[in-house]
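Here the structure comes first, spelled out in structure tokens, and everything after it is commentary.
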Amino acid sequence: MAQKPNDKPANENKKTENLAPHTENSDEQFLTTNQGVRINDNQNSLKAGDRGPTLMEDFIFREKITHFDHERIPERIVHARGAGAHGYFQVYESMAEYTKAGFLQDPSVQTPVFVRFSTVVGFRGSTDLARDARGFAVKFYTEEGNYDLVGNNIPVFFIQDSIKFPDLVHAVKPEPHHEIPQASAAHDTFWDFISLMPESMHMIMWAMSDRAIPRSYRMMEGFGVHTFRFVNAEGKARFVKFHWKPLLGVHAVAWDEAQKISGKDPDFHRRDLWEAIEAGSYPEWELGVQIVEEEDEHKFDFDLLDPTKIIPEELVPVKRIGKMVLNRNPDNFFAETEQVAFHPGHVVPGIDFTNDPLLQGRLFSYTDTQLKRLGGPNFHEIPINRPVAPVHNNQRDGHMRQTINKGRTSYEPNSMRGGCPFQAKMSEGGFASYAERIDAPKVRARSESFMDFYSQATLFYNSQSEAEKTHIMEALRFELGMVEIEAIRERMLSHLKEVDESLAQQVAEGLGLKVPAQPKEPLNQSIPADADPESYQPRRRKPMIEKSEALSMANTAKDSIKTRMVAILAADGVNEDELTQMQKALEAEGAMTKIVAPHLGTIKASGGTEFKVEKSFLTGTSVVFDAVYVPGGTQSVDTLLGVPKAIHFLNEAYLHCKPIAASEEGKKLLLATYFTKKVSGESTPVDAGLLLEQNPESFIKAMAQHRFWEREKEGKVPA
Ligand code: HDD
């Protein structure tokens with residue numbers, strides 16, 4: 001098994017070894033052509049005379065330019081923008097009762113993984129902070145072959161059948177005539193489509209929630225979405241849903257903040273992931289499973305095969321079965337993150353599919369897309385895609401074939417090679433599909449059990465905290481506000497009414513519309529031409545539960561400030577004792593601090609020590625920090641009082657509901673802000689995120705809360 005020998009660095013494993021022969025390091029080396037010929041002049045092309053034309057003979061020039069001309073490959077049609085990392089997965093205890101998957105048996109085994117996080121809609125060069133679902137794709141390099149869990153940070157999907165995927169993606173991508181807007185669903189074609197697809201309503205609730213603007217890839221959940229199957233060594237199958245639970249909790253930024261980050265640092269999430277790993281603060285998730293016995297398949301008020309539904313954790317608890325740690329950044333973005341090819345159909349013995357019609361379609365799409373994107377059928381030979389398990393078969397040739405297959409036979413059965421490579425019995429690890437019994441007519445149809453479009457959208461909405469509900473309402477006002485065609489807005493209001501009357505009402509107010517009493521046209525237009533529309537009408541089932549705690553981010557882990565970024569606003573003369581006391585206390589809890597000052601270089605503290613300035617008010621911005629601290633020192637505070645951007649920094653941090661701390665003297669700067677009355681105590685209630693004395697312990701506690709959304713009710717901070 002892929003166990004890590006003790007004498008190796010912790011982030012080396014069998015996959016690192018597998019990548020090693022393919023890596024290149026130019027240190028101390030001569031520059032050469034691709035043929036290995038050393039180059040003597042890389043500055044000038046070969047010419048007929050020093051002012052003459054370039055000669056065709058110049059093989060160095062030709063090779064260099066030709067390669068350059070062919071550097072680009074098609075980006076992914078969805079999930080084009082992403083960031084990846086290496087790591088490992090380790091199971092807590094054997095899962096043999098449920099699955100024979102080798103990597104889920106032995107708690108002493110670390111299985112190498114490569115993970116790629118992504119936004120869905122935007123192009124490769126777009127922004128990380130778009131309102132969007134995030135891809136969460138994990139490749140496990142197991143001893144039995146690669147297993148890919150290709151999920152999202154949202155547990156449901158927009159559509160129930162893959163045949164609608166091209167329609168969905170065409171609708172959400174920039175509009176075809178002018179390619180506007182970038183990385184955004186806030187436009188007519190998307191909402192036109194959605195307003196005619198009631199099955200998307202549950203996903204829409206998630207996409208309009210703060211889940212769609214995560215604080216960090218490291219602070220989001222992941223979901224396999226579909227119901228899969230676990231199969232044990234006795235051949236017994238059970239349904240399973242996969243979850244990734246981040247140990248840092250699930251946290252988001254504010255929408256205004258997300259929009260600003262998109263301008264100030266469009267690489268915010270990939271930078272955050274990279275820097276955390278470089279700093280040794282390795283991101284960690286627990287893998288959770290919800291297991292359902294086959295005989296319980298029809299016990300729920302929804303269909304387990306419907307990818308627009310969750311199994312509420314109250315009905316089937318999530319059992320945490322292992323941990324994933326990301327501990328190594330890729331060496332080369334293109335070679336690894338861009339060329340990695342995921343596929344929900346990459347499974348290992350012990351894990352199998354169900355008939356979820358979205359999953360079934362995905363099983364076709366992913367290989368097909370890699371053929372186009374990576375240029376041919378040998379993409380599995382690209383180093384990042386190679387399994388650590390040996391590969392032997394009779395597939396041959398094709399563009400860019402790397403493997404040199406020995407021998408005369410490339411067919412089976414054969415006698416000339418004693419039948420090799422030979423089939424494996426199930427007892428020898430051979431994959432055999434779960435023998436599900438199917439006896440049904442061949443029809444183009446959708447099961448009536450998929451027709452409950454609104455109950456779980458309502459369940460999600462009802463499970464949100466007050467602040468989260470407000471954010472959903474505001475997101476809908478924003479998105480539908482960007483839509484130009486009024487009929488689309490109205491259709492959406494009709495759907496929202498089905499989810500929650502008061503939500504529809506509030507959104508309607510923002511749009512200056514009335515919630516339609518009766519929709520003008522049928523809201524479900526995904527009906528086959530010859531079908532009886534009656535059987536495609538939405539039907540509400542009585543929900544088994546009204547609320548689910550796990551659906552609200554307000555109930556997430558709030559016990560750590562590890563890797564949170566704190567801005568320390570300071571200038572020359574800053575109170576050295578206060579500054580260092582706070583810095584030490586925060587860093588001891590795993591937070592990171594950066595001094596933000598009027599200029600770069602260094603500042604001289606009251607005790608004479610020079611402190612490095614990480615950001616000036618020009619290069620730094622409050623939106624990339626989690627919290628702000630203002631130490632004292634008369635000279636420092638007086639200087640900052642004369643810097644409007646320092647005041648803006650604080651106003652903005654306050655607007656985005658972040659914890660702010662100041663020492664007794666630092667408080668003077670806070671009195672110059674828009675929230676001065678809160679600082680002077682003239683206005684109540686007391687803000688638990690505003691710490692007005694030098695008290696690292698309280699600041700740490702406040703930071704662990706992440707945000708103080710109740711401030712939003714004040715609604716008048718001009719930042
Ligand atoms: Fe997909 C990429 C996740 C439905 C077709 N998908 C892609 C990636 C993720 C997902 C995370 C990026 C992988 C990477 O980082 O390289 N997709 C999902 C989830 C879905 C889903 C969670 C619903 C549950 N996808 C889906 C459907 C289809 C596709 C229904 C088509 C029938 N997805 C693709 C694709 C992509 C892709 C076109 C684009 C690039 C790629 O595959 O490698 O084949």
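These numbers come from the heavy atoms of this one structure, side chains and all, not from hydrogens, waters or symmetry mates. Nothing here was measured: the structure is a model prediction, and the numbers come from that model. Note that ligands are numbered from 1 as they come in the structure, with each ligand's atoms numbered from 1 the same way.
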Residue pair Asp132 / Thr119, side-chain donor-acceptor N/O under 3.5 Å:
no

Suppose we measure from atom 6 (N) of ligand 1 to each protein heavy atom; which comes out shortest, and what is that distance?
Tyr366 OH, 2.8 Å

Please determine whether the number of non-hydrogen atoms from other residues, nucleotides or ligands lying under 6.0 Å from atom CD of Gln395 exceeds 12.
no

Nearest neighbour in protein (non-hydrogen) for atom 38 (C) of ligand 1:
Ile77 CG2, 3.5 Å

Apply ring pair (Phe, Tyr, Trp, His ring centres under 6.0 Å) to the pair Phe230 and Tyr98, showing each step before the final yes or no.
CA-CA 6 Å; Phe230 263 165; Tyr98 304 105; 7.0 Å; no

Near His22 NE2, under 6.0 Å, is it more than 12 heavy atoms from other residues, nucleotides or ligands?
yes

I'd like to check which ligand 1 atoms, numbered from 1 as shown, lie under 4.0 Å from a non-hydrogen atom of Leu358.
23 (C), 24 (C), 30 (C)

Looking at ligand 1, does any of its N/O atoms fall within less than 3.5 Å of an N/O of Arg116?
yes

Would you find a donor on one side and an acceptor on the other, under 3.5 Å apart, between the side chain of Ser162 and the backbone of Leu358?
yes

Exam field: side chain Glu144 to backbone Gly102, donor-acceptor pair closer than 3.5 Å:
yes

Is a side-chain donor-acceptor pair under 3.5 Å present for Glu278 with Asn329?
yes

Please check if any side-chain donor atom of His346 sits under 3.5 Å from a side-chain acceptor atom of Asn146, or the reverse.
no

What is the closest protein heavy atom to atom 16 (O) of ligand 1, and at what distance does it sit?
Arg76 NE, 2.7 Å

Protein contact of atom 23 (C) of ligand 1 - nearest heavy atom, named by residue and atom, plus distance:
Phe157 CD1, 3.4 Å

Above 12 or not: heavy atoms from other molecules or residues under 6.0 Å from CD1 of Ile163?
no

Contact check: Arg373 vs ligand 1, nitrogen or oxygen atoms, below 3.5 angstrom
no

Quick one: look up the protein heavy atom nearest atom 31 (C) of ligand 1 and list residue, atom name and how far away it is.
Phe165 CD2, 3.2 Å

Provide the number and element of each atom of ligand 1 under 4.0 Å from a heavy atom of Val225.
22 (C), 24 (C)

State the atoms of ligand 1, each with its element, that fall below the 4.0 Å cut-off from a heavy-atom position in Gly135.
11 (C)

Ligand 1 versus Asn152, non-hydrogen atoms closer than 4.0 Å: side chain, backbone, both, neither?
both

Only heavy atoms of Val78, strictly under 4.0 Å: list the atoms of ligand 1 that pass.
33 (N), 37 (C), 39 (C), 40 (C)

Which of the numbered atoms in ligand 1 are below 4.0 angstrom from a heavy atom of His226?
24 (C)

Check if Gly151 has a non-hydrogen atom at a distance under 4.0 Å from any atom of ligand 1.
yes

More than 12 non-hydrogen atoms from neighbouring residues, nucleotides or ligands closer than 6.0 Å to CE on Met400, yes or no?
no

Do any N/O/S atoms of Ser365 come under 2.8 Å of atom 1 (Fe) of ligand 1?
no

Any donor-acceptor N or O pair under 3.5 Å, side chains His495, Tyr454:
yes

Atom 7 (C) of ligand 1 - nearest protein heavy atom and its distance
His79 CD2, 3.2 Å

Just checking, is any N or O donor in the side chain of Ser455 or Asp452 under 3.5 Å from an acceptor N or O on the other one?
yes

Give the residue, atom name and distance (to 0.1 Å) of the protein heavy atom nearest atom 41 (C) of ligand 1.
Thr369 CG2, 3.4 Å

Who's the nearest protein heavy-atom neighbour of atom 32 (C) of ligand 1, and how far?
Ser162 OG, 3.5 Å

Ring centres under 6.0 angstrom apart (Phe228, Phe239):
no

So, is Ser118 polar-close to ligand 1, with some N/O to N/O distance under 3.5 Å?
no

For ligand 1, find out whether one of its N or O atoms is nearer than 3.5 Å to an N or O atom of Gln370.
yes

Residue part near ligand 1, for Val150, under 4.0 Å between non-hydrogen atoms:
both

